[in-house]
2 protein chains.
Amino acid sequence: MGLLGKLSFKDQAFRLREDAILDATTRILSGKGFDLMTMDDVANAVGISKPSLYKHFKSKDDLVGEAMVRLIDGALAFLADMPADLSAKQKLAALLEWALRVRLEGGMPFLPSTSPQVREMLMKNLKYVMRVMKLNGQIEKFITSAQKAGDLNPALPVDVILFSYYSRTCDPAVEFLQLYSKLGTDDIVTHMLHVCFEGLQA
Amino acid sequence: MGLLGKLSFKDQAFRLREDAILDATTRILSGKGFDLMTMDDVANAVGISKPSLYKHFKSKDDLVGEAMVRLIDGALAFLADMPADLSAKQKLAALLEWALRVRLEGGMPFLPSTSPQVREMLMKNLKYVMRVMKLNGQIEKFITSAQKAGDLNPALPVDVILFSYYSRTCDPAVEFLQLYSKLGTDDIVTHMLHVCFEGLQA
DNA sequence: AATAAAATCTACTGATCAGTAACTTTTTTT
DNA sequence: AAAAAAAGTTACTGATCAGTAGATTTTATT
C-alpha cells in the first residue's frame with residue numbers, strides 16, 4: 001500500500017473537496033446568479049478559506065465555467081444512457097424532464113445566459129463551448145428527426161424550436177410555481193412538459 | 001404667461017429629463033440586468049452627473065422601481081385601449097405580441113425577476129406591487145374566460161397558465177433568435193405567439 | 001526529534017460602486 | 001448690479017469583492 005496508497009487517498013480527498021466546491025457553486029449560482037455570487041459565499045458554504053478555492057480553480061470565471069461544464073456533462077451522460085428505442089420526441093421530453101427535476105432540486109439551468117457578460121465569459125471557456133456544441137448537435141438532430149416523424153411542427157424553423165426548447169429547460173414558471181402554488185414536483189413537471197409540447201390552447 | 005409659464009416650462013424640462021433617465025435605465029436594465037447596471041451608466045447615458053440623478057430618484061432601487069412601474073403602466077394602458085370585441089384569448093395574444101415587440105425594440109420584460117434579491121426589492125415598492133396585482137388580476141380574468149370559452153386548455157391550472165404566459169413575454173428564445181438567426185422581427189413574433197399557444201408539436 | 005515542504009489561513013491590495021460633501025456654476029431675487 | 005438661492009458638478013467616503021502576500025499550521029522527509 002505504502003506510498004501509492006497515501007498519494008491516491010490524498011488525490012481522492014482533493015477531488016472530493018473539488019466536488020464540494022462545485023456543488024456549493026451550483027447551489028449558489030442557482031439562487032443568486034453569477035453576478036451576485038461571491039467567492040466568499042462559496043468558501044463559506046464549503047467551510048474553507050477563500051484563497052483555498054484558488055488551489056482548485058484559477059479564478060471565479062474558471063470555477064463557474066467548470067460548474068457549467070459538469071452540468072452539461074450530466075445532460076450528455078443522460079442522453080448517452082437513454083434507451084435506444086425511444087422516438088426523437090420522447091428523447092427530447094425525457095431530457096426536458098431531467099432538466100426540470102435537476103432545477104426543482106436546487107440545480108441550475110443549462111441555457112446559455114441572456115446576460116452578454118456571462119455569455120462572453122463562457123464563450124472563452126473551450127471545454128464549455130465544445131460541450132455546448134455537442135449537446136446542441138444532438139438536440140438539433142432530435143428536432144429534425146421529430147419533425148420528419150411528424151411529432152414536431154415542421155412549419156417551425158429548427159432555430160425557433162431549439163431556442164424555445166432550451167428556454168423551456170429553464171422556464172421561470174417553474175420557480176414561481178414552486179414558490180407560489182400548491183403543486184408538487186411531479187405535477188409541475190407534468191404541466192411543464194405539456195405546456196412545452198402542446199402549448200396553452202385547448 | 002409670466003410666472004406660471006416659466007414654472008411650467010421648468011417643470012416640463014424636469015419631467016423630460018426624468019423620462020430620459022427612465023429611458024436610459026430601461027435600455028441598460030434590458031442589456032445588463034439590475035445587478036450590473038450602475039448609476040454612473042445611467043448618468044453617462046443621459047449626459048448628466050451621477051448626483052443629479054438623485055434630484056429625481058431617492059436611490060437606485062427607487063429608479064428601477066419607477067422604470068418597472070412605467071413599463072407595467074404601459075401594459076395596463078395597452079389593455080385599456082384594446083377593442084372590446086376581442087375574445088379573451090385574442091387579448092392575451094395581443095398583449096403578448098405587444099410585450100414581445102417592446103423587447104425586440106430594446107425594452108425589457110415585465111415578468112418579476114427570478115432573482116430573490118430583485119424580487120424582494122420590488123416587493124417593497126408599493127406603486128409597483130399595486131400595478132402588478134392589477135395586471136395579474138386582468139390576465140387571470142382573461143385566462144379563466146378563455147378556458148370557459150374552450151380557447152385555453154381547461155385541464156391546466158390557472159397558475160400554470162399564468163406563469164407560463166408571463167414567462168413567454170420574456171422568453172429568452174427571443175434574444176437568441178435576434179442574435180443568432182436570420183429571422184426578422186415579424187417572423188420572430190409570429191413564431192413566438194405560435195409556440196406559446198400551440199406548443200412545439202405538430 | 002528536527003527540518004523542510006506543503007497547505008491553509010488572516011490580513012491585505014486595488015478596483016468598483018452607491019450615495020454624499022463640498023465646491024462651482026447658473027438662475028432667481030432683491 | 002449684487003446677493004441669494006438653486007442646480008449641477010467634482011471629489012470624496014465607506015462598503016464590497018476578486019485575487020494576493022505573508023503568517024501560521026499541518027504534513028512529509030530526514
Select base, sugar-phosphate, or nothing to describe what A:Ser49 touches, counting heavy atoms under 4.0 Å on all strands. base
Under 3.5 Å: donor-acceptor pair, side chain of A:Gln178, backbone of A:Leu104: yes
Quickly work out the B:Tyr54 OH to C:dT20 P distance and round it to whole Å. 7 Å
Of all the choices, D:dG19, D:dA18, C:dG19, which nucleotide is nearest to the side chain of A:Ser59 once you look at every atom? D:dG19
Of the nucleotides D:dA18, D:dT9, C:dT8, which has the atom closest to the A:Arg17 side chain? C:dT8
Length of the line joining A:Phe14:CZ and C:dA6:P, which is rounded to integer Å: 14 Å
A:Met37 has an atom CE; how far is it from atom P of D:dG19, in whole Å? 10 Å
With under 30° as parallel and over 60° as perpendicular, where do the rings of A:Trp98 and A:Phe78 fit, or are they tilted in between? parallel
Is the base of C:dG19 touched by the side chain of B:Lys50 through a donor-acceptor pair closer than 3.5 angstrom? yes
Please check: side-chain N/O of B:Ser167 versus main-chain N/O of A:Asp171, any donor-acceptor pairing under 3.5 Å? no
Heavy atoms only, 4.0 Å cut-off, all strands: where does B:Ser52 land among base, sugar-phosphate and nothing? base
May I have the distance from B:Lys55 (atom NZ) to C:dA21 (atom P), rounded to whole angstrom? 13 Å
